[in-house]
Amino acid sequence: MDNCLECRGLTKRFGSVRALDNVNLTVRPGRVVGLLGPNGSGKTTLIKLCNGLLTPSDGAITVCGEAPGKRSKALVSYLPDRCCLPEWMSAKQLMDMYADFYADFDRARAEDMMARLNLSDKLLVGQMSKGTKEKVQLILVMSRRARLYLLDEPIGGVDPATRDYILETIIRNYDEDASVIISTHLISDVENVLDDVVFIRDGQVTLQASVDDLREQYGKSVDALFREVFRC
Amino acid sequence: MKWQFDNDMPIYTQLVGQIKFAIVSGALLPGSRMMTVRDLALEAGVNPNTMQRALQQLEREGLVYSQRSSGRFVTEDVGVIDRAKAALAAEHIRRFRASMGSLGYSREEMIQLLEGSGEEEENG
């Protein structure tokens, strides 16, 4: 089976700024990977390149064996770092839209999770709380049977209970041969659910390793290691 | 099961330890069926691969076994469980002696203190 993500010498420049600089990265099937780095380190740029929302300045990127484009988008489920659900839609209309757009959308799964949120049929996105919007958006994204989930800051700005709900929803729903990439700087919250971590700094990948290998090697949590490596 | 994790050790090792404890303490009964890997991972709030790795380790130690179609079970072999229990006890004693030793207690003093503390509990 193809790797879910493969980057070779991937570089993205914005004018004179190197947002990503010669990134080499492989994500095998069946892994939950934390993309960890401080603000402005290049996490969102990398995720947007995976999605074809940006094009590389240099180097190569393949997603599930395809160059980012129409075919890869059918295999990739993307959660952007901000809410992009139309304010005037209800949960039901959102599911209609997802079912229209994505052949791999599992409507029964989405309906089941939506029902557990106790949203009334008439409630519109614009009337939902921030936490509810985040949950609804995540439910839509995780209800696709995708090969790769790209989750950009899925737990930023929500309370700890919602955070637990979101992480549980992620772990419950990805298929065995799919991979999940979670970008975040809230490491202690995600650390236990990750297989691997990728540290990214000033556009460069500085470390790629399994969580338990790091804990074994350094005798401390990835969170503590991150604080040391990225001390300001 | 209640799960709790320290930050300074691999999660996998801690999962092995906590499931083993549940088995030797009888919280998981011999021959009982275990939850699926994903459900156990969800309950513990950990990655399913990590849980899988822990269960494979316990399989190698003979404490659990899996049956192709029906799932994973705690061993029925009480001897294996007793030996695991004895190994855990030995480890507790080793640690106890090490920390008491570093406080300056001799073996005899430790035994005296242990007997004394037992009486206190019984009387109190």
Side-chain angles (χ1 to χ4, degrees), chain A residues 4 27-34 109 113 116 142 149 155 160-182 186-197 209-228, chain B residues 1-22 27-28 33-61 63-64 66-72 87-88 91 94-95 98-99 102:
Chain A
C4 292
V27 175
R28 290 185 284 126
R31 310 294 283 183
V32 182
V33 179
R109 192 195 268 187
M113 286 193 272
R116 267 185 273 150
M142 294 309 298
Y149 299 89
I155 55 168
T162 306
R163 230 169 256 181
D164 287 347
Y165 172 89
I166 287 175
L167 291 174
E168 197 193 307
T169 303
I170 296 169
I171 292 303
R172 193 183 290 281
N173 288 294
Y174 77 100
D175 289 334
E176 248 168 48
D177 57 352
S179 278
V180 185
I181 297 180
I182 304 175
L186 301 168
I187 299 167
S188 61
D189 287 313
V190 297
E191 176 161 357
N192 288 2
V193 306
L194 301 177
D195 288 294
D196 307 307
V197 293
S210 97
V211 169
D212 271 353
D213 285 353
L214 289 176
R215 283 177 167 234
E216 181 104 63
Q217 188 180 343
Y218 295 97
K220 60 178 78 161
S221 66
V222 174
D223 183 64
L225 183 65
F226 182 90
R227 283 164 202 264
E228 230 175 73
Chain B
M1 257 177 92
K2 271 225 167 71
W3 304 87
Q4 209 152 25
F5 300 102
D6 291 332
N7 280 329
D8 48 2
M9 265 164 62
I11 296 157
Y12 142 81
T13 330
Q14 300 185 56
L15 291 174
V16 171
Q18 291 183 37
I19 299 170
K20 193 182 278 185
F21 182 80
L28 288 175
R33 186 208 197 95
M34 301 184 74
M35 289 195 282
T36 63
V37 172
R38 195 169 290 225
D39 285 344
L40 276 170
L42 281 165
E43 191 189 82
V46 302
N47 181 288
N49 290 326
T50 313
M51 183 59 81
Q52 173 80 12
R53 194 177 154 207
L55 290 168
Q56 282 167 346
Q57 172 66 33
L58 290 165
E59 268 176 30
R60 277 193 295 276
E61 294 181 24
L63 282 164
V64 306
S66 48
Q67 239 162 19
R68 200 169 286 252
S69 53
S70 49
R72 198 176 252 112
L88 278 182
E91 175 60 22
R94 190 193 63 74
R95 267 189 252 155
S99 42
S102 67

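So you know, we letter chains A, B, ... as the sequences are listed, proteins then strands, and number each from 1.
- Judged by distance alone, the side chains of W3(B) and Q18(B) never bring a donor and an acceptor atom under 3.5 Å apart.
- When each of E168(A), R172(A), E216(A) is checked for heavy-atom pairs under 4.5 Å with chain B, R172(A) comes out on top.
- R38(B) forms a cation-pi arrangement with Y174(A), by the criterion of a distance under 6.0 Å to the ring centre and an angle within 45° of the ring axis.
- One distance of note links CG of L58(B) with CD1 of I19(B); it measures 5.5 Å at 0.5 Å rounding.
- Listed for the S179(A) side chain is a donor-acceptor partner under 3.5 Å among the backbone atoms of G30(A).
- For the set I11(B), V46(B), D8(B), the entry with the most heavy-atom pairs within less than 4.5 Å of chain A is I11(B).
- Proximity to chain B (any heavy atom under 4.5 Å) is restricted, for V211(A), to the side chain, taken from C-beta onward.
- Contact of I171(A) with chain B is made through backbone and side chain together, with heavy-atom distances under 4.5 Å.
- Taking both residues in full, the closest heavy atoms of L40(B) and M34(B) are given as CD1-CE, 4.4 Å, listed atom of the first, atom of the second, then distance.
- Top candidate by heavy-atom pairs under 4.5 Å with chain A, chosen from N49(B), T13(B), T50(B), is N49(B).
- For Q14(B), the part lying under 4.5 angstrom from a heavy atom of chain A is the side chain only.
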